[in-house]
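Each remark here refers to the structure printed beneath this line.
As the structure is a prediction and not an experimental result, all values here were calculated from the model. Every heavy atom of this structure was used, including side-chain atoms; hydrogens, water molecules and symmetry mates were not. Labels below follow one simple rule: chain letters A, B, ... track the order of the sequence lines, proteins then strands, and each chain is numbered from 1.
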Number of protein chains: 2
Amino acid sequence: MNQSTEEKIKQAALSVFIQKGSANCTSREIAREAGMNVALVNYYFRSKSKLFALIFESVMQDFLKSMVQVFSSELPIREKIKILIEREFEFLGKHPDIPNFVINELARNPEAIHGIIPVLQMVNESGVFDEARKLQEQGDMRQMDIVQITLLIMSNCQYPFMAQPLMKVIHGVSNETYKEHLIAHKDHAVAMVLGYLFPNDQITPHE
Amino acid sequence: MNQSTEEKIKQAALSVFIQKGSANCTSREIAREAGMNVALVNYYFRSKSKLFALIFESVMQDFLKSMVQVFSSELPIREKIKILIEREFEFLGKHPDIPNFVINELARNPEAIHGIIPVLQMVNESGVFDEARKLQEQGDMRQMDIVQITLLIMSNCQYPFMAQPLMKVIHGVSNETYKEHLIAHKDHAVAMVLGYLFPNDQITPHE
DNA sequence: ACATATATTAAACAGTTGTTTAAAACAGAT
DNA sequence: ATCTGTTTTAAACAACTGTTTAATATATGT
């Protein structure tokens with residue numbers, strides 16, 4: 001509970017930025033959420049845009065960290081993909097607003113681009129994609145570009161969370177029902193992606 | 001070229017709203033894009049939010065129209081899904097910003113909810129989901145909830161367009177290269193979704 | 001030509017925005 | 001207690017927001 005003022009502001013900014021986006025929230029809103037005066041936000045972080053840059057960078061890190069970690073582990077490729085998708089669903093269950101936030105800022109906020117450099121560095125250092133390519137060459141994996149493999153996995157993980165408001169209204173289901181659909185969808189995503197990437201496997205390994 | 005003032009404003013509003021979102025653009029910006037005075041926007045549409053409601057409603061219509069149309073056709077189920085995905089890619093190729101726009105407004109703009117009622121009506125009247133359920137019962141289609149089938153299809157169509165800025169920066173590819181990836185991805189989406197929904201088919205029917 | 005309704009403009013309105021300023025409250029050291 | 005540096009506050013700043021007003025231009029019908 002004994003949290004420094006600086007940390008309180010960061011946490012409030014994280015919450016407000018993700019919920020409303022950088023353009024649709026005010027400095028005063030962040031200050032109110034942190035329970036203090038507006039001037040303090042600029043006292044600690046110079047400007048709203050500098051604070052945003054800081055927050056966005058850390059969100060980008062969290063957003064891609066789990067993916068990178070799984071791939072630098074020593075598991076067989078099928079397990080890696082399975083665990084990757086499961087981890088992604090676990091992460092998104094806790095932070096369902098992050099994909100929309102990230103994609104939206106990247107598309108609409110020119111400043112957001114700067115927050116990406118350290119993430120690129122992390123991804124490159126991890127050698128994720130090189131390893132994926134290697135596994136693809138030596139194995140029975142379907143031949144397709146790494147970009148598209150990434151798309152395959154991320155589409156089926158992130159979109160279901162991003163589209164929650166749309167899906168709820170189209171199908172007229174409650175929050176709770178949709179959460180159950182999300183849980184069930186995880187298994188479909190694993191089975192479908194594995195089934196497509198490894199067409200020679202008869203039955204997707206279960207459990 | 002002989003376009004009425006009202007239509008000019010609508011068109012400018014459509015463009016600006018989709019590019020920047022309802023919260024991140026100004027009435028003056030819309031007026032400037034339409035080449036006229038700010039006051040005219042309110043003269044024709046009363047307020048910014050009324051104009052937005054109008055635009056959002058029509059975008060929602062376009063957004064879901066093709067999907068509904070395909071399903072009320074008389075094709076066999078596999079063809080329906082294939083054409084549905086291909087149409088979706090065609091539509092998104094022309095309007096890549098719409099999914100992000102729709103999902104973002106629904107998540108962050110309370111007013112956007114109102115724009116959905118006529119769309120719901122359209123979807124209900126079309127009987128899309130009832131027919132999908134019927135096809136599922138009588139055929140060899142994998143048993144899964146309609147919500148999840150919708151998710152399967154929309155995820156693999158819309159996300160690749162929504163994530164374009166993210167993917168470009170992660171994989172370091174140009175606009176043109178990514179466009180090629182999108183084209184190639186369409187076939188993967190068709191094959192993967194059909195392969196998963198109809199597990200008894202040996203090989204996905206090709207062309 | 002004139003009268004009337006419509007379309008368009010520049011200017012103003014009150015409220016909000018990010019940011020700065022100057023004063024106050026607080027801490028710790030001497 | 002006094003000094004010193006740091007934290008916090010209320011108030012102010014100019015710029016910008018959506019919206020309105022009152023005046024001007026344009027079109028239309030007679």
Side-chain angles (χ1 to χ4, degrees), chain A residues 1-59 101 104-105 108-115, chain B residues 1-59 101 104-105 108-115:
Chain A
M1 186 70 298
N2 213 351
Q3 214 176 8
S4 78
T5 305
E6 193 173 338
E7 204 55 42
K8 273 193 223 163
I9 297 175
K10 268 201 209 171
Q11 208 168 299
L14 176 72
S15 160
V16 174
F17 277 141
I18 287 186
Q19 262 183 61
K20 308 200 150 203
S22 67
N24 194 16
C25 76
T26 72
S27 302
R28 282 166 179 82
E29 209 169 344
I30 295 173
R32 200 183 318 130
E33 175 87 11
M36 53 190 55
N37 193 283
V38 206
L40 273 184
V41 174
N42 282 356
Y43 175 73
Y44 280 100
F45 300 96
R46 302 282 307 260
S47 74
K48 186 192 174 189
S49 68
K50 285 208 173 66
L51 174 56
F52 172 79
L54 205 76
I55 299 294
F56 186 71
E57 196 179 304
S58 80
V59 170
F101 170 69
N104 208 51
E105 296 295 336
R108 291 175 171 175
N109 179 359
E111 295 190 52
I113 303 281
H114 304 315
Chain B
M1 184 74 291
N2 214 352
Q3 213 176 7
S4 78
T5 305
E6 194 173 338
E7 206 55 43
K8 273 193 222 161
I9 297 176
K10 268 201 210 171
Q11 209 167 298
L14 177 71
S15 159
V16 174
F17 277 142
I18 288 186
Q19 262 182 62
K20 308 199 150 206
S22 66
N24 194 17
C25 76
T26 72
S27 301
R28 283 166 178 84
E29 209 169 343
I30 294 172
R32 202 183 316 131
E33 174 87 11
M36 52 191 56
N37 194 283
V38 206
L40 274 184
V41 174
N42 282 357
Y43 176 75
Y44 281 100
F45 300 96
R46 301 283 306 260
S47 74
K48 186 193 173 187
S49 67
K50 285 209 174 63
L51 173 57
F52 172 78
L54 205 77
I55 299 294
F56 186 71
E57 196 178 304
S58 81
V59 170
F101 170 69
N104 208 48
E105 296 294 336
R108 290 173 173 177
N109 180 359
E111 295 190 52
I113 303 281
H114 304 316

Separation of D:dT8 atom C1' from A:I9 atom CD1, nearest Å, is 11 Å
One should read off an interatomic distance between B:Y43 OH and B:M36 CE, to the nearest 0.5 angstrom, of 12.5 Å
- Message: Test your reading of the model: is there a side-chain donor-acceptor pair from A:E111 to the backbone of A:A53, 3.5 Å cut-off?
- Response: no
inquiry  = With a 6.0 Å cut-off on the ring centroids, do B:F17 and B:F52 count as close?
reply    = yes
CD of B:Q11 to CD1 of B:I55, rounded to nearest 0.5 Å, is 9.5 Å
Going 5' to 3' through nucleotides 8-18 of chain C and flagging B where a protein heavy-atom sits under 4.0 Å of the base, S where only the sugar-phosphate is that close, and - otherwise, we get BBB-B----SB
Correct closest heavy-atom pair for B:E6 and B:F45 would be CG-CZ, 3.6 Å
